[in-house]
Chemist: 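Supplied in structure tokens, the structure appears directly below.
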Amino acid sequence: MPSELPFEEDRPGVPIAPPLLFVLPILASLALEWFVPTSFVHGEFRWTLGALFFVVGVALNAGRFVTQKRAGTDPIPFNPSTRIVAHGLYRFTRNPMYIGFALWTLGLAILVDSAWMLLAVPIGLVLVDRIVITRDERYLEAQVRRGISQLQTPCPALDLAFNSTRFAQGLFT
């Protein structure tokens with residue numbers, strides 16, 4: 001079933017690709033590293049720990065993509081959502097993609113031994129929260145409130161976030 005809104009309007013309004021919100025701080029940290037070199041981890045431990053964080057981050061991103069595709073919704077944050085996914089990785093977090101970005105950025109910082117790049121992790125997370133997550137959550141809340149029939153919310157945590165009164169009444173009746 002098509003949404004009530006035209007395709008151009010039925011979007012979360014994300015202005016920039018979320019990976020860029022980590023890539024841009026990474027590039028800035030590399031520039032800083034060029035002028036003021038840093039080092040914080042040494043030895044073989046660096047390669048093991050860095051690779052572990054990097055691979056787990058990439059796996060979270062891939063798992064998130066596959067989970068959303070299998071659920072029948074578009075994993076690209078620029079496009080309309082047709083379902084709220086609450087299984088797989090989404091049982092544990094609403095944003096496994098952004099956690100994945102943070103982990104692979106952390107892994108990359110360890111692998112290249114750049115203390116400056118460690119700053120890209122919290123900077124990227126703050127940027128994603130302010131620029132992407134807040135818009136996406138407002139969009140999803142509006143979708144649920146409009147009651148679009150193809151949007152499914154099987155997750156009680158989302159019901160709590162979107163309608164705490166109704167959820168609380170259901171717990172105590």
Side-chain angles (χ1 to χ4, degrees), residues 1 3 7 10-26 29 47-112 117-164 166-168 170-171:
M1 282 179 140
S3 169
F7 185 76
D10 187 20
R11 297 170 182 267
V14 175
I16 186 170
L20 287 178
L21 298 174
F22 283 89
V23 170
L24 295 174
I26 288 171
S29 70
W47 299 106
T48 304
L49 188 62
L52 178 68
F53 278 120
F54 188 85
V55 168
V56 168
V58 170
L60 276 174
N61 283 321
R64 174 263 344 159
F65 189 88
V66 169
T67 301
Q68 284 191 327
K69 279 301 227 186
R70 286 184 180 162
T73 192
D74 197 329
I76 308 301
F78 296 116
N79 298 331
S81 293
T82 56
R83 300 186 194 296
I84 293 179
V85 181
H87 62 278
L89 295 170
Y90 290 90
R91 286 180 301 176
F92 308 107
T93 177
R94 282 294 312 139
N95 299 298
M97 174 172 56
Y98 310 130
I99 294 171
F101 290 153
L103 289 175
W104 67 252
T105 301
L106 177 62
L108 189 60
I110 294 168
L111 287 170
V112 300
M117 197 177 292
L118 286 176
L119 294 174
V121 176
I123 290 169
L125 287 170
V126 168
L127 289 173
V128 161
D129 179 59
R130 300 294 185 250
I131 296 172
V132 178
I133 293 174
T134 54
R135 291 170 194 247
D136 195 42
E137 293 300 322
R138 275 190 306 228
Y139 166 74
L140 292 174
E141 183 176 355
Q143 292 283 65
V144 170
R145 285 191 178 160
R146 279 201 332 259
I148 295 174
S149 60
Q150 78 252 34
L151 189 65
Q152 300 173 357
T153 57
C155 179
L158 290 175
D159 285 338
L160 177 61
F162 295 138
N163 192 343
S164 59
R166 184 172 55 91
F167 182 77
L171 285 177

Chemist: What is the minimum heavy-atom distance between Ala120 and Thr105, and which atoms define it?
Modeler: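 It is CB-CG2, 3.9 Å.
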Chemist: To the nearest 0.5 Å, how far apart are CD1 in Ile123 and CG in Leu24?
Modeler: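 If I round to the nearest 0.5 Å, the distance is 11.0 Å.
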Chemist: Could you give all pairs that pass the side-chain hydrogen bond (donor to acceptor under 3.5 Å, both in side chains) test and reach residues 51-66, with sequence neighbours left out?
Modeler: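 Every pair satisfying side-chain hydrogen bond (donor to acceptor under 3.5 Å, both in side chains) with a residue in residues 51-66: Arg64-Gln68.
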Chemist: For Val126, enumerate each residue passing the side-chain contact (heavy atoms from CB on, under 4.5 Å) test, keeping only those at least two apart in sequence or located in another chain.
Modeler: Arg130
Chemist: Shortest non-hydrogen contact from Leu108 to Phe54?
Modeler: N-CD1, 4.3 Å
Chemist: Return the set of residues passing side-chain contact (heavy atoms from CB on, under 4.5 Å) with Asp74 (not counting sequence neighbours), or none when no residue passes.
Modeler: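 Asp74: side-chain contact (heavy atoms from CB on, under 4.5 Å) contacts with Ile76, Asn79.
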Chemist: Might you work through the side-chain contact (heavy atoms from CB on, under 4.5 Å) test for Met97 and Leu60, ending with a clear yes or no?
Modeler: CA-CA 6 Å; Met97 174 172 56; Leu60 276 174; over 6 Å; no
Chemist: Can you sort out the partners of Ala51 under side-chain contact (heavy atoms from CB on, under 4.5 Å), two or more places apart, ordered by chain and number?
Modeler: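 Here no residue qualifies.
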Chemist: To the nearest 0.5 Å, what is the distance between CG (Leu52) and CG (Leu106)?
Modeler: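 Answer rounded to 0.5 Å: 10.0 Å.
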Chemist: Does any non-hydrogen side-chain atom of Asp129 lie less than 4.5 Å from one of Leu125?
Modeler: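 Leu125 does not reach Asp129 side chain to side chain.
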Chemist: Using side-chain contact (heavy atoms from CB on, under 4.5 Å) as the criterion, list what pairs up with Leu21, not counting sequence neighbours.
Modeler: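 Leu21 satisfies side-chain contact (heavy atoms from CB on, under 4.5 Å) with Ile16, Leu127, Val128, Ile131, Val132 once adjacent residues are dropped.
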Chemist: My understanding is that only residues two or more places apart in sequence, or in another chain, count here; which of them pass ring pair (Phe, Tyr, Trp, His ring centres under 6.0 Å) with Tyr98?
Modeler: none
Chemist: Are Pro15 and Arg135 packed together at the side-chain level, in the sense that at least one heavy-atom pair is separated by less than 4.5 angstrom?
Modeler: yes
Chemist: Over 60° means perpendicular and under 30° means parallel, so classify the ring planes of Phe22 and Trp104, tilted if in between.
Modeler: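 Answer is tilted, since the angle falls between 30° and 60°.
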Chemist: What distance do Leu103 atom CG and Phe53 atom CZ have between them, rounded to the nearest 0.5 Å?
Modeler: 6.5 Å
Chemist: Determine the minimum heavy-atom distance between Phe101 and Pro19, stating which atoms define it.
Modeler: CZ-CG, 3.4 Å
